[in-house]
Amino acid sequence: MAQVEFKNVVKDYGAFQAVKGVTFTVEDGEFVALVGPSGCGKTTTLNLIAGLLDLSDGEISISGRRINDLDPKDRDIAMVFQNYALYPNKTVGENLGFPLRMRKVPKAELNDKVNQAASLLDISHLLDRYPRELSGGQQQRVALGRALVRDPQVFLMDEPLSNLDAKLRVQMRAELTRFHKELNATVIYVTHDQLEAMTMADKMAVMNGGVLHQYDTPERVFEEPANLFVAGFVGSPAMNLLPASRIERDGQTFATGDRWEIALSERNASCARRSTSDQIVLGARHSSITIHEARTPNCIPARVYTVEPTGDLTYVHIEVGETRLVISTDPQSQITAGQDVWIDLEQERMHVFDAKSELRIRPE
Ligand SMILES: Nc1ncnc2c1ncn2[C@@H]1O[C@H](COP(=O)(O)OP(=O)(O)OP(=O)(O)O)[C@@H](O)[C@H]1O
Ligand SMILES: [Mg+2]
């Protein structure tokens, strides 16, 4: 297995820069989830590693060896694409065995490996069918199987579970996690699914507009987002972000907005004082805000926009001026749309961001 290192990697498509100087290292055996909004450069990044695209600048190395100019077939990488690219004229069995046949693996070993992968992915009964005779989810599993049988240095996966139904996704997620642990494989995995990233990955790489905003464990990305973008992207629902101004009065620090003001705890006041201007943004997870139905001291007046029961939890969408927040409450709550409420931000779990630099200010 292998370590993958990015150094200031840049990719230009003509005048458009899709990857803007990305640096990070995937350690040997790590499972990294690459996340970010559509068009942020995830597939481009994978294609650069696989050698399907040339770098415009920077360097990629695998286990210390620079691979910029190495032929794709010499990189020992298996890629599972967003669209599965199966060979239409080969059966499922032939598709699975093809990478091994190219490497002249003996027939018995080839059959063993194909059967093993097919059983892992629950497609043993489909080995004689052609790709056109499969559902989207089944095709996706064949594509995964074809990567598995190769036992490469690095796996690159571009949303490999996106076409599966919810139940199969959960099952495949567990299978992939187990397979990663068993093979101790180095995996770079693109997903739109926050839960997949949080549950499967050792590290998360969060990209936006070709820039890598944070590279850290899922826990750290969730608990200590580097900036407003990461805070507003990671988590489902994402962190609530409330713009505010810092004011000092009578030796006390307050955050104020349009017709509201709350006193900040010493921890948050010291963060707010380190902002480059008096403009800050308060961040609060949906579970760290309490809703009161009557006026309560040091709370922010708001109006309920809509109430969304999901079974275990009810999400209450509220408006503070122009800002929409999502708060989780217990399903027994009697709160209804249009109601005036007062919200209480739990100070211990609150985050303070610098509105100008957009960076999170760490508590001291
Ligand atoms: N061949 C190309 N020529 C010009 N621009 C391209 C080309 N391929 C991709 N792009 C642009 O580069 C950016 C990054 O594309 P990329 O496919 O890497 O995004 P992505 O993060 O994988 O998005 P998605 O989540 O939708 O798959 C996009 O703005 C896209 O329009
Ligand atoms: Mg993509």
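Both counts, for ligands and for their atoms, begin at 1 and track the order of listing.
- The shortest N or O to N or O distance between Gly41 and ligand 1 is below 3.5 Å.
- Note on ring orientation: taking the six-membered ring where Trp is involved, the planes of Phe31 and Tyr189 are tilted (angle from 30° to 60°).
- The residue among Leu53, Thr44, Leu46, Thr45 with a heavy atom at the shortest distance from atom 18 (O) of ligand 1 is Thr44.
- Annotation for ligand 1: atoms under 4.0 Å from non-hydrogen atoms of Phe16 are 11 (C), 12 (O), 13 (C), 29 (O).
- Defined by atom type and a distance below 3.5 Å, a donor-acceptor pair is missing between the side-chain atoms of Asn240 and His286.
- Contact atoms of ligand 1 toward Thr43: 17 (O), 18 (O), 20 (P), 22 (O), 27 (O) (distance under 4.0 Å to a heavy atom of the residue).
- When distances to the Mg ion (ligand 2) are checked against a cut-off of 2.8 Å, Thr43 contributes an N, O or S atom below that limit.
- Close contacts between ligand 1 and Ser38 involve ligand atoms 23 (O), 24 (P), 25 (O), 26 (O) [criterion: under 4.0 Å to a heavy atom].
- In terms of the salt bridge (charged side-chain N to carboxylate O under 4.0 Å, His left out) criterion, residue partners of Arg169 (sequence neighbours excluded) are, by chain and number, Asp193, Glu196.
- Heavy atoms of Cys40 come nearer than 4.0 angstrom to ligand 1 in at least one pair.
- Donor-acceptor pairing under 3.5 Å is lacking for the side chains of Thr44 and Asn47.
- By the ring-ring contact (aromatic ring centres under 6.0 Å, His included) test, Phe222 is found to be paired with no residue, residues two or more places apart in sequence or in another chain being considered.
- With hydrogens and angles left out, the side-chain atoms of Asp158 and Thr43 include a donor and acceptor closer than 3.5 Å.
- Proximity annotation for atom 21 (O) of ligand 1: of His192, Gln17, Lys11, Lys42, Lys42 comes nearest, heavy atoms only.
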